[in-house]
Structures are given as structure tokens and as C-alpha cells.
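If you read the sequence from its start, that first residue is 1, and numbering goes on from there.
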Amino acid sequence: MSDFPGLRRLLEVMRRLRDPSSGCPWDLAQDGRSLARYTLEEAHELVAALEAGVPDAVRDELGDLLFQVVFHAQLAVEQGDYDFDAVAAGIADKLERRHPHVFAAAGTGDVAQWEKIKAEERGARGAHGVLDDVPLSLPALMRATKLGKRAATVGFDWPDAGGARAKVLEELAEVDAAAAESPARVAEEVGDLLLAVTSLARHLRVDPESALRQANQRFEDRFRRMESAAAQRGLALATLGPGEWDSLWEEVKRSVQS
């Protein structure tokens with residue numbers, strides 16, 4: 001590790017933070033479960049920085065996420081389980097195993113081979129079902145995407161985007177029917193519709209989680225512009241009718257596109 005003085009220093013800082021006699025009370029009070037929410041938060045903040053495309057922010061967020069990895073590894077050291085080097089060696093081994101076309105003579109390196117190797121690894125961990133070990137803690141949209149992708153590895157999938165699109169329209173019709181006939185089923189049918197949309201997105205090679213984040217950002221930006229336009233005209237938002245809202249929305253869209 002002599003070539004990585006920053007990493008060596010970080011590991012030492014982490015060890016001192018967890019020193020029972022002179023460490024930080026907050027860090028000493030943490031365990032794997034209490035850290036889980038912070039690990040997830042840091043991962044989301046990294047994604048936001050990556051999408052913003054600001055190198056300094058990405059560097060900072062990578063550091064925050066690395067600190068979480070180092071923290072979990074330090075907890076494992078204290079429990080006598082493994083250390084940071086074992087974590088790094090483990091992922092290096094996995095990458096070499098999953099890329100035989102790079103690190104070995106045999107193998108074609110296609111997606112089917114990648115999934116075959118991953119399936120073998122899941123079996124070695126005792127996860128024999130196709131959908132085993134898809135984390136329940138994933139955001140629902142991300143988990144739906146992963147479930148659909150995993151099911152597709154054994155052929156449970158639409159042959160093309162057209163089939164997935166037809167399923168979306170079918171589920172939308174069922175939402176309409178439930179809303180008219182059985183309100184208690186509306187939530188279930190909306191869930192089915194969202195699941196179908198993730199399949200369509202996958203066939204169109206779109207990451208639905210990323211696409212929705214970007215749509216959220218566009219909506220937020222446009223809504224703020226509408227607020228600003230209304231304020232400049234002395235209009236109270238709560239008093240606007242549907243036609244006025246629609247007019248403002250279209251005006252903002254045109255201003256953004258021009």
C-alpha cells in the first residue's frame with residue numbers, strides 16, 4: 001500500500017476514530033446497522049454529483065462513500081472477520097473471474113457468459129432461485145428493474161420493446177377499469193403498470209431510475225419558472241385555474257427549449 005499514502009492515512013484515521021480510549025464518541029457508537037442509512041445517502045449523493053458533472057463534487061462524494069467502505073471494514077477488523085485489504089482483494093478476484101476474456105485464455109466475454117458466472121456465484125452463496133438475493137432495501141423502481149432483468153436471463157421476458165409496450169397499455173387499461181369499478185384495486189394495478197414500464201425502459205436501453213431522476217429535475221425546474229413568472233405578474237398560484245396553469249407550463253417549456 002506504499003503507493004497509496006492517502007488510503008493508508010485514511011485507514012489510520014478510521015482506526016483512531018474507533019480507538020476505545022481516545023476515539024470519537026459518535027464513531028464509537030456506530031455499528032453496521034446504524035451506518036446503513038449513511039452508506040445509502042452517500043451513494044445517492046455521489047450519483048447526484050456524477051449527474052451534475054462537477055469533477056470536484058464527484059471527488060468529494062467518492063471520498064465520502066469510500067469512508068463508509070473503510071468504516072464497515074474497520075468494524076469487521078474489530079470483530080475479527082476481515083479487513084479492508086480482504087475487501088479489495090475480494091472484488092479484484094470477482095472482477096477477474098467475471099472477465100475471463102481479459103484475464104484468461106478461454107471465454108468470449110458476452111452478456112450470457114457474464115450472467116452465467118454471476119449465477120454460479122449466487123449458487124455458491126446458497127442463492128439458487130433466479131430472483132434470490134435481489135436486495136429488499138433497493139429503491140422500489142431500481143428493484144423492479146433488477147427483478148425484470150434477472151427474470152429475463154432465463155427467458156421470462158418480452159421478445160422486443162413492442163411486447164413490453166403492449167403490456168404497458170394493457171396495464172394502463174386495467175388501472176382505468178379498477179378506478180371505475182374497484183377502487184380498492186387501484187394501488188395494485190398502478191403497481192403493475194409501474195412494473196411494466198420498467199420492462200419497457202429496459203428494452204429501450206433506458207435506466208428508469210436515472211430517467212425518473214432527470215424527469216424530476218426537469219419538473220422542478222419548470223415549476224420554479226412558473227412560480228417566478230406568476231410572481232412577476234402578481235398572480236397567486238392557488239387561485240390559478242387549469243387553463244392558466246397549462247398556459248404557464250407551455251410558456252415555460254417553450255422558453256427552456258428556445
Side-chain angles (χ1 to χ4, degrees), residues 36-37 39-40 43-44 46-48 50-51 90-104 106-219:
R37 56 168 288 201
T39 305
L40 187 59
H44 283 300
L46 172 58
V47 170
L50 288 167
E51 292 185 341
I91 185 58
D93 289 344
K94 182 185 293 185
L95 290 171
E96 290 181 354
R97 187 168 60 249
R98 291 184 178 180
H99 295 82
H101 56 297
V102 176
F103 299 102
T108 61
D110 59 15
V111 174
Q113 182 189 41
W114 172 271
E115 293 297 342
K116 179 176 181 294
I117 294 171
K118 288 176 65 177
E120 291 171 351
E121 291 173 354
R122 291 196 296 271
R125 296 196 302 268
H128 299 290
V130 173
L131 303 182
D132 286 357
D133 78 353
V134 177
L136 287 169
S137 59
L138 287 175
L141 188 61
M142 189 180 297
R143 189 164 191 267
T145 303
K146 196 171 186 68
L147 288 170
K149 182 179 179 181
R150 187 73 67 79
T153 63
V154 293
F156 187 78
D157 194 15
W158 305 107
D160 53 32
R165 180 180 182 278
K167 184 62 175 177
V168 170
L169 296 178
E170 175 188 324
E171 295 297 347
L172 180 58
E174 292 183 9
V175 170
D176 291 340
E181 303 166 8
S182 179
R185 285 181 38 242
V186 171
E188 177 183 339
E189 297 299 346
V190 168
D192 290 345
L193 174 60
L194 291 171
L195 187 63
V197 168
T198 67
S199 292
L200 176 59
R202 176 165 46 80
H203 277 280
L204 295 175
R205 300 182 183 279
V206 171
D207 172 33
E209 187 78 22
S210 176
L212 183 56
R213 279 197 304 272
Q214 293 171 26
N216 287 342
Q217 186 59 53
R218 288 194 302 274
F219 176 82

Revision key, fill the gap. Taking every heavy atom of L141 against every heavy atom of P208, the minimum-distance pair comes out as CD2-O, 3.6 Å
Study note, to complete from the structure: Applying salt bridge (Lys or Arg N to Asp or Glu O under 4.0 Å) to E96 and not counting sequence neighbours gives none
Point to revise | Smallest separation among heavy atoms of A211 and V206, with atom names | key: CB-CG1, 3.8 Å
Review point. Can you tell me how far the CG atom of D133 sits from the NZ atom of K146, to the nearest 0.5 Å?
Key: 8.0 Å
Exercise for review: State, to 0.1 Å, how close L195 and A144 come at their nearest heavy-atom pair, and which atoms those are.
Suggested key: CD1-CB, 3.6 Å
Exercise for review: Compare every heavy atom of L204 with every heavy atom of A161, then report the nearest pair and how far apart it is.
Suggested key: CB-CD2, 3.9 Å
Check your understanding: Among pairs that include at least one residue of residues 187-203, which meet salt bridge (Lys or Arg N to Asp or Glu O under 4.0 Å), considering only residues two or more places apart or in two chains?
Key -> D157-R202, R185-E189
Point to revise | Shortest non-hydrogen contact between D160 and G163, atoms and distance | key: OD1-N, 3.0 Å
Revision key, fill the gap. CG of L193 to NZ of K167, rounded to nearest 0.5 Å, is 10.5 Å
**Study point:** Donor-acceptor under 3.5 Å (H203 side chain, A164 main chain)
**Key:** no
Practice item. Starting at OG1 of T39, measure out to NE2 of H44 and round the result to the nearest 0.5 Å. Key: 11.0 Å
Review point. Where the side chain of D176 meets the backbone of A179, is there a donor-acceptor pair that is under 3.5 Å apart?
Key: no
Review point. Which of these passes side chain to side chain contact (heavy atoms under 4.5 Å, CB included) with L147: R143, K149, R150?
Key: R143
Check your understanding: Is the shortest heavy-atom distance from the side chain of V47 to the side chain of R213 under 4.5 Å?
Key -> yes
Check your understanding: Relative to each other, are the rings of H99 and H101 parallel, tilted or perpendicular (30° and 60° limits)?
Key -> tilted
